[in-house]
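Accompanying notes for the structure given below.
Everything numeric here is computed off the predicted structure, so don't read it as measured data.
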Amino acid sequence: MGIVDVVSEYCSMPRSRRYLKKRKQFQTVEMKVRIDCEGCERKVKKAMEDMQGVSSVEVTAKQNKVTVTGYVDAAKVMRRVAYKTGKLVEPWPYVPYDTVAHPYAPGAYDKKAPAGYVRNVVSDPSAAPLARASSTEARYTTAFSDENPNACSVM
């Protein structure tokens, strides 16, 4: 290995760790933030407008929903909104009614959900156990089922 090879290796290496960082992906972050008035809405928008990487901020006050798009990290966005506004921030737990297989499962139905939305029991670990029937419940429902040939037919 000659002197030219050694010098060319040093010239091609990055000079700082800044170039070694992984670039953030463009993503949409949806959050649930309680918004009572126009002042709360402005406060949330102002907290996000000077954050690096944010492309747009959309606040739907009626649904208490904040949507942030850009080259950002979801956890950092949620921490910043909570810190700057002093409000409780959680990921958007609702999905459209049409996408859930059993929208009236005990964990899916939520009175606080906006119109046309239900809680996503598949991705929400706190509500998912409620949506599954226990073995005792399954035995009772199959005992009176029409598909079961040995079912009780007392009616």
Side-chain angles (χ1 to χ4, degrees), residues 9 11-148 151:
E9 270 187 50
C11 291
S12 65
M13 293 178 70
R15 294 205 169 116
S16 68
R17 291 186 51 86
R18 183 177 70 188
Y19 295 110
L20 299 176
K21 285 186 182 178
K22 188 175 179 183
R23 293 202 55 189
K24 294 178 181 139
Q25 295 290 325
F26 187 83
Q27 63 179 344
T28 302
V29 180
E30 294 179 328
M31 303 172 279
K32 181 180 176 186
V33 181
R34 185 175 174 134
I35 299 170
D36 300 317
C37 60
E38 290 178 17
C40 297
E41 187 176 338
R42 275 185 302 223
K43 196 183 242 188
V44 170
K45 281 186 178 182
K46 187 174 181 182
M48 297 310 318
E49 71 184 16
D50 61 340
M51 185 173 180
Q52 186 177 10
V54 173
S55 298
S56 68
V57 179
E58 184 180 325
V59 178
T60 311
K62 210 171 200 178
Q63 294 181 351
N64 291 326
K65 182 178 182 181
V66 177
T67 307
V68 178
T69 56
Y71 295 97
V72 292
D73 182 29
K76 286 183 180 179
V77 168
M78 291 173 51
R79 273 196 310 263
R80 183 178 179 109
V81 170
Y83 177 74
K84 293 274 189 173
T85 63
K87 294 183 173 286
L88 177 68
V89 178
E90 58 186 39
W92 184 251
Y94 306 115
V95 294
Y97 177 83
D98 304 335
T99 60
V100 178
H102 303 289
Y104 289 111
Y109 184 70
D110 189 0
K111 290 181 182 178
K112 295 178 184 175
Y117 286 91
V118 292
R119 190 172 286 277
N120 189 3
V121 292
V122 176
S123 70
D124 188 8
S126 64
L130 299 173
R132 294 186 188 91
S134 67
S135 62
T136 309
E137 291 172 347
R139 277 187 292 177
Y140 287 134
T141 54
T142 57
F144 295 98
S145 173
D146 290 336
E147 287 86 30
N148 186 358

At what distance, to the nearest 0.5 angstrom, does CG of Asp50 lie from CE of Met48?
8.5 Å

Considering all heavy atoms, the nearest Ala47-Arg80 contact:
O-NE, 2.8 Å

Closest non-hydrogen atoms of Gly70 and Ser55, given as atom of the first, atom of the second and distance, are CA-OG, 3.6 Å

If you count every heavy atom of other residues, nucleotides or ligands that lies below 6.0 Å from Tyr71 atom OH, does the total exceed 12?
no

How long is the span from the CE atom in Met78 to the CD atom in Glu90, to the nearest 0.5 Å?
8.0 Å

Would you mind checking if Arg79 and Asp73 are paired as a salt bridge, meaning a charged N to carboxylate O distance below 4.0 Å?
no

Test item: side-chain donor near acceptor, Thr69 and Ser56, under 3.5 Å
yes

Non-hydrogen side-chain atoms of Trp92 and Met31 separated by less than 4.5 Å:
no

Treating Lys87 as the side-chain partner and Arg34 as the backbone partner, does any N or O pair qualify as donor plus acceptor under 3.5 Å?
yes

Exactly one of Val29, Ile35, Thr60 should register a side chain to side chain contact (heavy atoms under 4.5 Å, CB included) with Val66. Which one does?
Ile35

As a quick check of understanding, evaluate side-chain contact (heavy atoms from CB on, under 4.5 Å) for Val59 and Lys45, giving each step before the final call.
CA-CA 8 Å; Val59 178; Lys45 281 186 178 182; 3.9 Å; yes

Contact summary for Gln27 and Ala74, nearest pair of heavy atoms:
NE2-N, 3.5 Å

How long is the straight-line distance from NZ of Lys65 back to CD of Glu30, given to the nearest 0.5 Å?
4.0 Å

Distance, nearest 0.5 Å, that separates CD of Glu41 from CG of Asn64
10.5 Å

If you define the side chain from C-beta out and look only at heavy atoms, does anything of Val77 sit under 4.5 Å from Met51?
yes

